[in-house]
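Residue indices begin at 1 and follow the sequence shown.
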Amino acid sequence: MTAMRRPLEWLCLMLVLVSGGAQTINSDGCPAWSSEPVLEKLKVSDECFELLADKWNDTQTAAILDNLRRLTDVLQKQQKKECKEVMPGDCPFPVIPSKGGLVCVSAETKVYCKPMCNEGQDFSFLRRTRVYEECSATTKKWTTQYVGGNKLAVCNKSDIQISGVPSAYFPKDQDCLKTKSDQALEKKVIETFKKELRDNNIQGQFTHSCLICG
């Protein structure tokens, strides 16, 4: 059920968008969709999602998934756009763990990003003494356990979570997207990271922060 949940949620979203009746068209030719009614309709059980999916044949399902892939790409770009202001100078945008996320905070001319994994995932390398990675406007490179590039961490399927500090894991039934969808939960994750930075003698004013999910 868990593996099916995200495709089914997106399937329901697409159904809501295309079957919502008459739509107002903006000047750019796009429907004037609002997130509130869509989100409200998505608050149904997994069984309802499955009933919706059962109404489509293989060809229709493939067409839906193809469009959802395009929608996912657009939403991922939007996430990155919202976090761009955190990155100083020419620091490359870090690769986001696909089964987790990154919480990032900027201070002075540096940005600090803490990789986090969802439930059932753990890091490829030990990170207990390496809570975060950093990039500065001077170096324009990320500190990383990987050779070169901007990959900071990878979350792999695991029954136990022992490679990172406790705060590097999203709680059960509260993955990165669930956390980001709740302002209070998102703020808690960011404030926890800020405290960890202060505990590591990171000085200066924190100017920008964000949580971005894979």
Side-chain angles (χ1 to χ4, degrees), residues 1-14 42-50 52-54 58 61-62 64-80 82-83 92-105 112-135 142-182 185-186 188-190 192-193 196 210-214:
M1 184 69 70
T2 301
M4 296 178 63
R5 178 171 298 177
R6 183 170 295 179
L8 289 173
E9 287 179 345
W10 285 118
L11 175 59
C12 183
L13 173 58
M14 184 64 75
L42 284 173
K43 295 177 181 178
V44 298
S45 66
D46 292 346
E47 288 72 19
C48 290
F49 285 138
E50 292 204 15
L52 287 168
D54 286 341
D58 289 345
T61 300
I64 289 290
L65 290 174
D66 180 51
N67 283 287
L68 294 180
R69 179 174 56 188
R70 294 193 301 122
L71 176 59
T72 299
D73 289 342
V74 170
L75 294 177
Q76 287 286 5
K77 289 178 182 178
Q78 184 63 28
Q79 272 203 106
K80 290 184 178 181
E82 293 174 355
C83 276
F93 204 95
V95 176
I96 311 162
S98 61
K99 301 297 183 181
L102 293 172
V103 53
C104 299
V105 173
Y112 306 88
C113 285
K114 171 185 173 182
M116 297 184 65
C117 289
N118 292 331
E119 179 194 6
Q121 306 288 322
D122 201 5
F123 300 110
S124 300
F125 298 114
L126 288 174
R127 299 192 57 85
R128 285 191 167 274
T129 59
R130 195 184 183 105
V131 177
Y132 57 85
E133 306 294 345
E134 65 181 70
C135 179
W142 286 96
T143 59
T144 175
Q145 292 171 297
Y146 293 86
V147 179
N150 54 346
K151 180 187 294 184
L152 308 188
V154 174
C155 297
N156 293 319
K157 186 175 181 180
S158 176
D159 293 331
I160 55 176
Q161 297 176 314
I162 59 174
S163 297
V165 296
S167 67
Y169 303 103
F170 292 101
K172 182 179 180 181
D173 299 324
Q174 185 188 305
D175 64 9
C176 185
L177 285 174
K178 178 70 72 175
T179 299
K180 189 170 178 62
S181 68
D182 185 309
L185 294 177
E186 180 181 23
K188 182 178 179 181
V189 168
I190 293 174
T192 296
F193 183 37
E196 290 170 331
C210 71
L211 173 64
I212 184 168
C213 304

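Residues R128 and I162 come closest through the heavy atom pair NE-O, 2.9 Å. Between P115 and A153, the closest heavy-atom pair is CB-CB, 3.5 Å. Between Q161 and G120 the shortest heavy-atom distance is NE2-N, 3.8 Å. In terms of heavy atoms, P94 sits closest to L102 at CG-CD1, 3.6 Å.
Under a 3.5 Å cut-off, the side chain of K114 and the backbone N or O of S167 do form a donor-acceptor pair. Listed for the Q121 side chain is a donor-acceptor partner under 3.5 Å among the backbone atoms of K157. Formation of a donor-acceptor pair under 3.5 Å by the Q145 side chain with backbone atoms of L126 is found in this model. Between the T144 side chain and the K151 main chain, a donor and an acceptor come within less than 3.5 Å of each other.
In this structure, N150 CG and W142 CH2 are separated by 8.5 Å, a value rounded to the nearest 0.5 Å. The line from SG of C210 to NZ of K180 is 6.5 Å long, rounded to the nearest 0.5 Å. Rounding to the nearest 0.5 angstrom, the gap separating the CG atom in L152 from the CD1 atom in I96 is 10.0 Å. In this structure, the separation between CG on L211 and CD1 on I190 is 6.0 Å, given to the nearest 0.5 Å. Residue N118 holds its CG atom at 8.5 Å from NZ of K99, rounded to the nearest 0.5 Å. Atom SG of residue C155 and atom CD of residue E119 lie 13.0 Å apart, to the nearest 0.5 angstrom.
Cys pair C104 and C83 fails the test of SG atoms under 2.5 Å apart. In this structure, cysteines C135 and C113 have SG atoms that are not closer than 2.5 angstrom.
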Worked verdict on M116 versus V103 for side chain to side chain contact (heavy atoms under 4.5 Å, CB included): CA-CA 8 Å; M116 297 184 65; V103 53; 4.0 Å; yes
Residue pair V154, Y146: steps toward the side chain to side chain contact (heavy atoms under 4.5 Å, CB included) verdict: CA-CA 10 Å; V154 174; Y146 293 86; 3.2 Å; yes
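Scanning for side chain to side chain donor-acceptor pair (under 3.5 Å) contacts around D159 gives an empty result, with sequence neighbours left out.
Using a 4.5 Å cut-off on side-chain heavy atoms (C-beta onward), D122 and I160 make no contact.
Relative orientation of the F123 and Y169 rings is tilted, given thresholds of 30° and 60° on the angle between their planes.
Taking the six-membered ring for Trp, F193 and Y112 have ring centres at least 6.0 Å apart.
Taking a 6.0 Å sphere around CG of D58, one finds it holds 12 or fewer heavy atoms contributed by other residues, nucleotides or ligands.
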